[in-house]
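Letters A, B, ... mirror the listed sequences (proteins, then strands); counts begin at 1. Everything numeric in this text was worked out from a predicted model, so none of it was measured. Only this structure's heavy atoms are used, side chains among them; waters, hydrogens and symmetry mates stay out.
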Protein chains: 2
Amino acid sequence: MANIDDVAKIAGVSKSTVSNVFSKKRPISKEVSQRVLDAALDLNYRPNYWARSLANKRTNIIGLNMPGEQVKFSQFHLGLFNGVLKECYSQGYRLLVNTLSTEFSKQVEYVATDPVDGDILLDPAENDERISERIMRKLPLVVIGRPHHEYESSVSYVDNDNVGMGQIVAEHLLQLGHSHILFLNTQKERTVAQDREQGFIKAFQKADMPIDPKLIVYKDGKLTSTTYGYQMTKRLLASHPQITAIITDTDKVALGVYQAAEELKLRIPDDLSVFAFSDDSIYAPEFKPPLTGVRLNGEVLGSEAAKLLIEQLRVPNTIVKRILIPASLVFRGSCAKARTENNK
Amino acid sequence: MANIDDVAKIAGVSKSTVSNVFSKKRPISKEVSQRVLDAALDLNYRPNYWARSLANKRTNIIGLNMPGEQVKFSQFHLGLFNGVLKECYSQGYRLLVNTLSTEFSKQVEYVATDPVDGDILLDPAENDERISERIMRKLPLVVIGRPHHEYESSVSYVDNDNVGMGQIVAEHLLQLGHSHILFLNTQKERTVAQDREQGFIKAFQKADMPIDPKLIVYKDGKLTSTTYGYQMTKRLLASHPQITAIITDTDKVALGVYQAAEELKLRIPDDLSVFAFSDDSIYAPEFKPPLTGVRLNGEVLGSEAAKLLIEQLRVPNTIVKRILIPASLVFRGSCAKARTENNK
DNA sequence: TACGATGATAAAACCGGTTTACTATTAAAG
DNA sequence: CTTTAATAGTAAACCGGTTTTATCATCGTA
């Protein structure tokens, strides 16, 4: 492959002139410019991306980083991904999807700086090494989802309005007359769990209704989602027969609820209303009855995150920002008015 | 950021020794190694990705390239994407998604070589510049989908077994007693159209049945898929009332067929069987009746493509390969036995 | 005519690694 | 006790760009 020296020689100019013709960092006279471009065309020359990045200390690539072993993209990620790409596309950035196995990235011969100008991080966890590492290295960073307290004020992030969502959902069910609502929350450590719960409680307080703390349960990380939904539904309905509605984290959990309900001969939604956060799955409409949930705007989340990051790259030292994306309910038929004493 | 010279100085060795400790290209004694690693840890040093790439002429990044303006990933792409990522993950490659707007990539200041070791190309087109360009530059390349004749024998590719699929579908319908089958094919220029048609015809020949060429129609690029399905169904059913089954390209086309059928008061599947290639959409199960189609193994397609490419990168001058992924029918209820004269 | 200012190009240093060619040391072989 | 071979490490060149500094011609102005 031809390099910048070859072009310089053919065009009869110095390499710095060729460089400036391509990078446009300094004006080069029309005639010389043309001579250089002609020579480049002749030799089929293009500036080398790596050499340029090395000298520029910029790559025009942003990274999308998902936690180690989890490589599966879901429907929600698809939207997110489309959002990020849309933004990259229009602003001239490439996207590097980074899901190297830890096995690889720990080996000495693979240790290296990341080949990106900045990163979008998914699913932040408590004491997330990925975050602390990037802060230490001063790498521009935007997190999708709320990071834990330790980083919350030092890192820009974009998140669903989980508090708001929790509240809206609870209010909706309260208005339908449900007063004993089982909340099958996700793992306690995750920030989503805490946020949704907070909204849930807020709705009860606003309505001046008492909350039974036993009706908020958390997923055990070891259980599969469906098993979790199934087991908890059976257990809690046995101990708390007053329950008329269940809020689940995902539709997979809801599937377990449906199974339990069938065994218990409870009709949905007549005897039991079921609600699921995240409308992201392709299965939601296939439930019988179709599952009511919220629409997570993955695409908006993605594009906002990308915008935020690119802004950081363009204008260094931008302040830390938080963006909350509101979500809307999607009514499908798995929620109904609470059964009253007479039709019980 | 600390660089290799800093580390060398602290550890009291030359930079080439540091380089060899990290790249492991030459053995360095245990003690010196340790001294270097300690110094690196102290300085929080990591080898610079771009400097390394420049010297090595390898990036360990593979590119996923979609045609210019089309940035939307669909359900099918999702599977494909998961397949590619799975392979990257286990083989230590990063994935660069490349969807820069042409507006950007044509500007002189953005012209550059691609920062990848090789590319996976989606949706090859006739006279595809992306292909010819990469062949010229000798960039390793794997195409997903069958490229046109000009490149077919010079480029490795992975594709669905469209010929086989066309044949299986036609055979299935023939066995159900349909003899007048309308084939709403996609644009004539696309290789998928040609392949599926070939399989379709093969099935008829094998069954020794005549084909009415008027019953194979092609999509006009300007129409939306649904309009295409709707208009063609109305037109062809009017001129050829013997038609008892319709094969469509996608479920969007099928939706148009369903609409037309409803207007014509034809019941599906009793009066009219409908089949759709590609099960990739989330809508297929939501049709009434649910749509019968084929399962495209996007994930397999993706992982096979990635494997092929990585093999090319590891072993230069590997021969050109073609991989066909078989697809399987998914029966859902939109196809039935052909109506016979008596129940017509 | 001489002066500083301006603009275009060139020469050389630099970005941060890898690699080649060479030297010094030690071990094994004859 | 040499000779040969293998091992460990280094200096310098190199990968292909960018950038700083220097050079030189041209121009307006005093």
Side-chain angles (χ1 to χ4, degrees), chain A residues 1-37 39-40 43-61 108-117 137 139, chain B residues 1-37 39-40 43-61 108-117 137 139:
Chain A
M1 272 279 303
N3 67 18
I4 197 170
D5 287 310
D6 301 333
V7 177
K9 203 185 292 173
I10 298 271
V13 297
S14 77
K15 59 190 285 199
S16 42
T17 302
V18 177
S19 173
N20 281 318
V21 167
F22 276 95
S23 67
K24 290 200 174 165
K25 300 210 173 159
R26 288 197 172 188
I28 298 290
S29 70
K30 199 97 196 246
E31 310 87 68
V32 176
S33 245
Q34 198 52 54
R35 224 166 60 226
V36 169
L37 288 176
L43 294 172
N44 193 15
Y45 164 81
R46 291 169 173 225
N48 180 299
Y49 204 102
W50 314 317
R52 193 175 249 191
S53 299
L54 176 58
N56 279 333
K57 297 167 174 293
R58 288 196 321 126
T59 63
N60 284 318
I61 295 178
V108 180
E109 60 265 52
Y110 289 104
V111 171
T113 57
D114 271 335
V116 297
D117 292 339
R137 296 192 182 279
L139 230 82
Chain B
M1 273 277 305
N3 67 18
I4 198 170
D5 287 309
D6 301 333
V7 177
K9 204 185 291 172
I10 298 271
V13 296
S14 75
K15 59 189 286 199
S16 39
T17 302
V18 177
S19 173
N20 280 318
V21 167
F22 276 94
S23 68
K24 290 200 174 165
K25 300 209 172 161
R26 285 197 175 185
I28 298 290
S29 72
K30 200 93 196 255
E31 309 88 66
V32 176
S33 248
Q34 198 52 54
R35 224 165 62 226
V36 169
L37 289 176
L43 294 172
N44 193 15
Y45 164 81
R46 290 168 174 228
N48 180 299
Y49 204 102
W50 295 101
R52 194 175 250 191
S53 297
L54 175 59
N56 278 334
K57 295 168 175 291
R58 289 195 321 124
T59 62
N60 284 317
I61 295 177
V108 180
E109 60 265 52
Y110 289 104
V111 170
T113 57
D114 271 335
V116 297
D117 292 339
R137 294 192 183 279
L139 229 80

Describe the nucleic acid contact of B/V18 in one word from base, sugar-phosphate, nothing, applying a heavy-atom distance below 4.0 Å. nothing
d(NZ, B/K24; P, C/dG17) in whole Å: 18 Å
Atom CD of A/E109 to atom C1' of C/dT18: distance rounded to whole Å? 16 Å
In whole angstroms, the gap separating P of C/dC15 from CZ of B/R46 amounts to 21 Å
Can you tell me if B/N3 touches the phosphate of C/dG16, counting only side-chain N or O atoms and a distance under 4.0 Å to OP1 or OP2? yes
For a quick check of understanding: with a heavy-atom distance under 4.0 Å over all strands, which category does B/V32 fall into, base, sugar-phosphate or nothing? sugar-phosphate
What is the separation between atom NZ on B/K9 and atom P on D/dG9, rounded to the nearest whole Å? 21 Å
Does B/N20 place a side-chain N or O at less than 4.0 Å from the phosphate oxygens OP1/OP2 of D/dA8? no
Whole-Å distance separating the CD1 atom of A/I28 from the P atom of D/dT18: 12 Å
Are any non-hydrogen side-chain atoms of B/T59 and B/S53 less than 4.5 angstrom apart? yes
Nearest to the side chain of B/R26, heavy atoms from C-beta on, is which of C/dA8, D/dT18, C/dA21? C/dA21
Is B/S19 close enough to C/dT18 that one of its side-chain N or O atoms is under 4.0 Å from OP1 or OP2 there? yes
Let me know the distance between CG of B/L43 and P of C/dG16, rounded to the nearest Å. 14 Å
With a cut-off of less than 4.0 Å, is there a side-chain N or O of A/R52 near OP1 or OP2 of D/dT18? yes
Using a heavy-atom cut-off of 4.0 Å across all strands, would you classify B/T17 as base, sugar-phosphate, or nothing? base
Could a donor-acceptor pair under 3.5 angstrom be found where the side chain of A/K15 meets the base of D/dG16? no
Quick one: does A/V36's side chain get under 4.5 Å of A/S33's, heavy atoms only? no
May I have the distance from B/D6 (atom CG) to C/dG16 (atom C1'), rounded to whole angstrom? 11 Å
Please figure out whether B/V13 or B/K57 has its closest DNA chain D nucleotide nearer the 5' end. B/V13
Hey, is the side chain of A/K25 poking within less than 4.0 Å of OP1 or OP2 on D/dT19, counting only N and O atoms? yes
For residues A/Y45 and A/I4, report the shortest heavy-atom separation together with the two atoms involved. CE1-N, 3.5 Å
Where the side chain of B/I4 is concerned, which of C/dT19, C/dC15, C/dG17 is the nearest nucleotide? C/dG17
All heavy atoms of A/R52 vs all of B/V111, minimum pair found to be NH1-O, 3.4 Å
Which atom pair, heavy atoms only, marks the closest approach of A/K24 to B/V108? CE-CB, 4.2 Å
Touch class at under 4.0 angstrom, heavy-atom based, for A/Y45 against every strand present: sugar-phosphate
Please work out if B/R58 contacts a base, only the sugar-phosphate, or nothing of the nucleic acid, heavy-atom cut-off 4.0 Å. nothing
To the nearest angstrom, the OH-C1' distance between A/Y49 and D/dT18 comes to 16 Å
With a 3.5 Å cut-off and just heavy-atom distances, do the side chain of A/S16 and the base of C/dA11 make a donor-acceptor pair? yes
So which nucleotide from D/dA8, D/dA11, C/dA11 ends up closest to the side chain of A/S14? C/dA11
Could you pick out which residue, B/A2 or A/E31, lies toward the 5' side of DNA chain C when each is mapped onto its nearest nucleotide? A/E31
Measure the OG-CD1 distance between A/S16 and A/I28 for me, rounded to the nearest 0.5 Å. 8.0 Å
